[in-house]
Number of protein chains: 2
Amino acid sequence: MTISSSIDQRVSLAVSTVVFALRPHPVSGLMTLWLPLVRRIREPYEGQWALPGGPLEADDDLASSAQHTLERTTGLAPRYLEQLYAFGNVDRSPGDRVVSIVYWALVRQDEVARSVDGENVEWFVADDLPPLAFDHTDIVDYALARLRAKITYTPIAHAFLPPEFTLAELRAVHEAVLRTTLDPANFRRQALASKTLVPTGTCLQGTSHRPPALFRFEAGAPSPAPEEQR
Amino acid sequence: MTISSSIDQRVSLAVSTVVFALRPHPVSGLMTLWLPLVRRIREPYEGQWALPGGPLEADDDLASSAQHTLERTTGLAPRYLEQLYAFGNVDRSPGDRVVSIVYWALVRQDEVARSVDGENVEWFVADDLPPLAFDHTDIVDYALARLRAKITYTPIAHAFLPPEFTLAELRAVHEAVLRTTLDPANFRRQALASKTLVPTGTCLQGTSHRPPALFRFEAGAPSPAPEEQR
DNA sequence: GCGACTTAAAGTCACGTCAACTCTAAGTGG
DNA sequence: CCACTTAGAGTTGACGTGACTTTAAGTCGC
């Protein structure tokens, strides 16, 4: 950056977001990762599905711009937002060059309901997407890999959950994201060892069978600064 | 990105690089991380040190642009280059807004010699820098953290070394980067267990005392794609 | 009210990894 | 030939983890 000179040729700077949410799979009924896509209303790739995003806004930081654009196009307000990568290859977009700074985000289930807008926003199963515009398929694959890697060593799963939750619910999130089954006893052990869980002291009532204890996440900044990446 | 519109307000897109090399510390003589800085010749921050970089080049991908700019300003051709982060807060630069896509790079010792250009490029000890222009101090701190994290779980240390090297040399790189001493026996064990080291069969001759075996790194793509991040 | 059933939560055990340390190998120099 | 130095192999104990077992605490059916 140092020597900053203005851009002469046509280069657009865009901000897009890969948003993940958990919903039951339509066929299997299992909890599955979904993400919202926006139908393009102009060339190139008119009519195809693409990640929600838009041009960088003048008065907004990068993350704010991602949030605002997301709010405007899909009505979503994610609980977790982190920069993913900057994609800027010359040939990634026909016509003018576009450099996209891509974020990835997590939203709670109940947020999903607020988002169903018009016909131009739709949710898809993350591992079974239609062909996407631009290089967005690669971007989603990368975001999926990041999510799956990061959930194993950071407490981001809580972004999918309500403030209070049981260990079984937390485990269900991990199982859905990672597409595996996890041993309940072992999961409990290492979840408690991580020290980020605080027992509320209360138990979830009204369940059949033994009532599970409720937990809360330690009040720590869940906002991902550059520093905390790996 | 999806809806690409051109940038109307003054927004510059720059590409900068944090370059690391290993040289002996001037006082202690220990191997230490150094990095090249460029003296700014215009406002803002005229006269101050800043990361090498420049505006995104029209016909280059992001990484290529970083490489070319680096070559032009410092004469360096790094052996490892990976995207670090995109910095784009509104207030990070006085005057026109600058979004910087920052890379980090590793160069071999012998590359350092080729780089000493004019008075406007100088090498500094990475952990003891003068005040830098813009938010470049934060950027360097972040890059340092990334390097130190990544060297523990990826074989990037070879970017500092000649094609053939001994385990002691490899360990010296790790020790210099992490600023610790490492147990030679344990380091050997896990270095060999990682399967990325190939013994050349030969030993380094001419040393006092027992000659150490020489190793080579497995011929694998050391180019960092988005995929291989953590 | 009692047993069958289900999930929560704690405990056990074998295995693999790793840090700390010791021991042997293979050279050099006096 | 011995002292010295580094390379490299081996040993041990602590710890984390996967697979599994056991006990706790509730509901439901009869």
Side-chain angles (χ1 to χ4, degrees), chain A residues 29-31 148-155 157-158 161-162 164-217 230, chain B residues 29-31 148-155 157-158 161-162 164-217 230:
Chain A
L30 295 172
M31 270 298 191
R148 287 182 171 133
K150 195 147 188 175
I151 203 174
T152 63
Y153 61 88
T154 356
H158 76 285
L161 291 169
E164 299 195 353
F165 51 87
T166 70
L167 283 176
E169 290 168 330
L170 180 64
R171 177 167 48 86
V173 169
H174 278 79
E175 290 179 335
V177 169
L178 299 172
R179 290 182 303 183
T180 22
T181 59
L182 299 170
D183 183 277
N186 294 333
F187 181 83
R188 148 184 303 273
R189 195 192 339 146
Q190 56 196 53
L192 295 179
S194 74
K195 304 287 182 191
T196 52
L197 287 179
V198 181
T200 63
T202 59
C203 285
L204 179 62
Q205 299 298 344
T207 67
S208 248
H209 319 303
R210 178 172 177 173
L214 284 172
F215 291 87
R216 192 182 285 282
F217 261 95
R230 265 174 71 183
Chain B
L30 295 173
M31 271 298 187
R148 289 183 170 132
K150 195 148 187 174
I151 203 174
T152 63
Y153 61 87
T154 356
H158 77 285
L161 291 169
E164 298 194 355
F165 51 88
T166 69
L167 283 177
E169 292 168 331
L170 181 64
R171 178 166 48 86
V173 170
H174 278 79
E175 289 178 337
V177 169
L178 299 173
R179 292 182 300 183
T180 21
T181 60
L182 298 170
D183 183 278
N186 294 332
F187 182 82
R188 148 183 304 272
R189 190 189 351 116
Q190 56 196 53
L192 295 179
S194 75
K195 303 288 184 191
T196 52
L197 287 179
V198 181
T200 64
T202 58
C203 285
L204 179 62
Q205 300 298 341
T207 66
S208 246
H209 319 302
R210 178 173 177 175
L214 285 171
F215 291 86
R216 194 184 283 283
F217 260 96
R230 263 173 73 184

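Protein chains get the first letters and strands the later ones, always in sequence-line order, with residue 1 at the start of each.
Distance, A:Arg171 CZ to C:dA8 C1': 10 Å, rounded to whole Å. Atom CG of B:Leu182 is separated from atom P of C:dC21 by 15 Å (rounded to the nearest Å). A straight line from CZ of B:Phe187 to P of D:dG8 spans 13 Å, rounded to a whole angstrom. Going from atom CG of B:Leu170 over to atom C1' of D:dG8 covers 15 Å, rounded to whole Å. Distance A:Glu169 CD to C:dT7 P: 14 Å, rounded to the nearest Å.
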TODO: Mark up nucleotides 25-30 of chain D, 5' to 3', with B wherever a protein heavy atom is under 4.0 angstrom from a base atom, S wherever such an atom reaches only the sugar-phosphate, and - elsewhere.
DONE: BBS---

Task: Per-nucleotide protein contact string for nucleotides 9-20 of chain D, where B marks a base within reach and S marks sugar-phosphate only (heavy atoms under 4.0 Å, - for neither) - done: BB------BBBB

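Atom CG of A:Asp183 and atom CZ of A:Arg188 lie 11.0 Å apart (nearest 0.5 Å). Atom NE2 of B:His158 is separated from atom CG of B:Leu197 by 10.5 Å, given to the nearest 0.5 angstrom. Rounding to the nearest 0.5 Å gives a distance of 12.0 Å between CZ of A:Arg179 and CG of A:Leu30.
Screening A:Leu192, A:Leu170, A:Leu161 against A:Phe215 for a side chain to side chain contact (heavy atoms under 4.5 Å, CB included) leaves a single residue, A:Leu192.
In terms of heavy atoms, B:His174 sits closest to B:Ile151 at NE2-O, 3.4 Å. The two residues A:Ala176 and A:Met31 have their closest heavy-atom pair at CB-O, 3.5 Å. Summarising the geometry of B:Val177 relative to B:Arg148, their closest heavy-atom pair is O-NE, 2.8 Å, with the distance given to 0.1 Å.
No donor-acceptor pair under 3.5 Å is formed between the side chain of A:Gln205 and the backbone N or O of A:Pro211.
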